[in-house]
**Student:** 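Below is the structure I would like to discuss, written out as structure tokens.
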Amino acid sequence: MTAAVTITKAYADTCAGQIHYRSCSGGDALAAPILFFHRAPVCSGSFDRVLKQLSGWRRMVAFDTPGFGQSYTPDAGTPIGSVVDAFVQAVDRLGIDRFHLVAHHSGAHFAGELALRLPGRALSLMLDGAMVTSAEQRANVTPAATPPIIDPQGGYVQAAWKFLLPYYTVFDARCIHNEFVGAMASTFTRAATMDMVRGHDLGAVIAALDCPILASAAEDDVFVTHLDRIVALAPRSVIRRYGAAGIASPDLQTEVFCDLIRENVDRAES
């Protein structure tokens, strides 16, 4: 019988507040760990299947982005650099020197900034479903981060479900449930974080990075066409497209997602 994979949960103290994370140890203790950054509105739990699939390879840490999951809530108007400061402190608190980065959708903005902040320590960056657009396009694509009106009839609940459903081109009951729960849980905590994403120029960050980049997306991801923009900004980056998963690649294309992680890490370490 295969032993169950243990995913532990804990907090890293930072000057801004506590950052919650999931981790999976094992494998080569000297190998550079992998740090994961999730999409909105879910939390680090969206990587559970990936952590289990890769368990025994090397240390892995999946963070809850501030404003989501169990991490602290940023104040309105907080710049993205302040959250990246907190991530740097969290990485240092965990005793991690060099590392690889894996980011999904909105997590790309924080992982990209962390790679830019810590050159030489960030060995590689995998961006899956990253949004690379102009400021005007970002404002149109990403909804304004305003809390809904909580009505006695619960209409805001149904509105949230209807908003999320079209993103699931492949319907998976557990995934859409977790997406919905994440949206409900972050109703009053995600505004500042989403404003950071709306105002962040990920393309400029990608163009400035020196570490190996692998950019990927499911064939039906809303941002699959942005892969060409990434390779234009970083000509040495590797581009990968794969089967249908909508916005839930770590859950619905877990094996492929893990293969891409291994590919990028192996390329950086070879």
Side-chain angles (χ1 to χ4, degrees), residues 4-10 19-24 36-55 60-73 102-108 110 128-131 141-191 193-194 197 216-224 242-258 261:
V5 176
T6 299
I7 296 176
T8 59
K9 303 176 185 179
I19 290 184
H20 180 257
Y21 63 91
R22 287 163 154 75
S23 64
C24 192
F36 293 84
F37 295 79
H38 64 83
R39 72 181 182 276
V42 296
C43 67
S44 57
S46 63
F47 288 117
D48 277 358
R49 293 184 187 179
V50 173
L51 298 184
K52 292 176 181 178
Q53 181 95 0
L54 294 176
S55 65
M60 294 174 286
V61 179
F63 295 109
D64 282 352
T65 301
F68 297 91
Q70 300 300 312
S71 287
Y72 76 91
T73 301
V102 174
H104 188 220
H105 275 241
S106 57
F110 302 97
D128 190 87
M131 180 179 71
V141 170
T142 307
T146 52
I149 297 174
I150 311 300
D151 59 290
Q153 293 75 34
Y156 76 101
V157 175
Q158 186 64 27
W161 180 266
K162 289 181 178 179
F163 174 80
L164 293 171
L165 194 58
Y167 290 100
Y168 274 82
T169 54
V170 177
F171 184 84
D172 181 275
R174 182 177 293 275
C175 283
I176 186 64
H177 169 77
N178 290 339
E179 197 89 14
F180 176 74
V181 170
M184 292 293 97
S186 63
T187 296
F188 298 110
T189 62
R190 66 177 179 258
T193 306
M194 295 313 297
V197 171
S216 57
E219 63 187 11
D220 55 349
D221 191 300
V222 292
F223 298 127
V224 65
Y242 50 87
I247 62 170
S249 300
D251 285 300
L252 301 183
Q253 289 282 357
T254 306
E255 187 170 345
V256 173
F257 199 88
C258 291
I261 294 173

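Index from 1, following the sequence. These numbers come from a predicted model, not from an experiment.
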**Student:** Can you measure from CH2 (Trp161) to CE (Met184) and round to the nearest 0.5 angstrom?
**Tutor:** 11.0 Å
**Student:** Taking the ring centre of each residue, are Phe110 and Phe37 less than 6.0 Å apart?
**Tutor:** no
**Student:** Is it the case that the side chain of Thr254 and the backbone of Arg49 share a donor-acceptor pair, with hydrogens and angles ignored and the cut-off at 3.5 Å?
**Tutor:** no
**Student:** How about Glu179 and Tyr167: does a side-chain donor come under 3.5 Å of a side-chain acceptor?
**Tutor:** no
**Student:** Where does the angle between the aromatic ring planes of Phe36 and Phe47 fall among parallel (under 30°), tilted (30 to 60°) and perpendicular (over 60°)?
**Tutor:** tilted
**Student:** Considering only heavy atoms from C-beta outward, does the side chain of Phe171 approach that of Leu165 to under 4.5 Å?
**Tutor:** yes
**Student:** Hey, could you give me the OH/CG distance between Tyr156 and Asp151, rounded to the nearest 0.5 Å?
**Tutor:** 8.0 Å
**Student:** When you measure from the side chain of Arg190 to the backbone N and O of Ala185, does any donor-acceptor pair fall under 3.5 Å?
**Tutor:** no
**Student:** Tell me whether Ser44 contacts the main-chain N or O of Tyr21 through its side chain, where contact means a donor paired with an acceptor under 3.5 Å.
**Tutor:** no
**Student:** State the CG-CG distance between Asp251 and Asp172, to the nearest 0.5 angstrom.
**Tutor:** 7.0 Å
**Student:** Roughly how far apart are Ser106 OG and His38 NE2, rounded to 0.5 Å?
**Tutor:** 7.0 Å
**Student:** Nearest 0.5 Å please: distance from the OG atom of Ser46 over to the CZ atom of Arg22.
**Tutor:** 8.5 Å
**Student:** Between Val42 and Phe68, is there a side-chain heavy-atom distance shorter than 4.5 Å?
**Tutor:** no
**Student:** Counting only N and O atoms by type, is there a donor-acceptor contact under 3.5 Å from the side chain of Asp221 to the main-chain atoms of Ala245?
**Tutor:** no
**Student:** Side chains of Leu51 and Val5, heavy atoms from C-beta outward: is any pair under 4.5 Å?
**Tutor:** no
**Student:** Under a 3.5 Å distance rule, please check whether Asp128 uses its side chain to pair with a backbone N or O of Ala103 as donor and acceptor.
**Tutor:** no
**Student:** Would you call the rings of His105 and Phe223 parallel, tilted or perpendicular, where under 30° means parallel and over 60° means perpendicular?
**Tutor:** tilted
**Student:** Say whether, by atom type as modelled, one donor and one acceptor occur between the side chain of Ser71 and the main chain of His20 under 3.5 angstrom.
**Tutor:** yes
**Student:** At what distance, to the nearest 0.5 angstrom, does CG of Asp48 lie from SG of Cys43?
**Tutor:** 8.0 Å
**Student:** Does any N or O in the side chain of Thr189 come within less than 3.5 Å of the main-chain N or O of Thr73, such that one atom is a donor and the other an acceptor?
**Tutor:** no
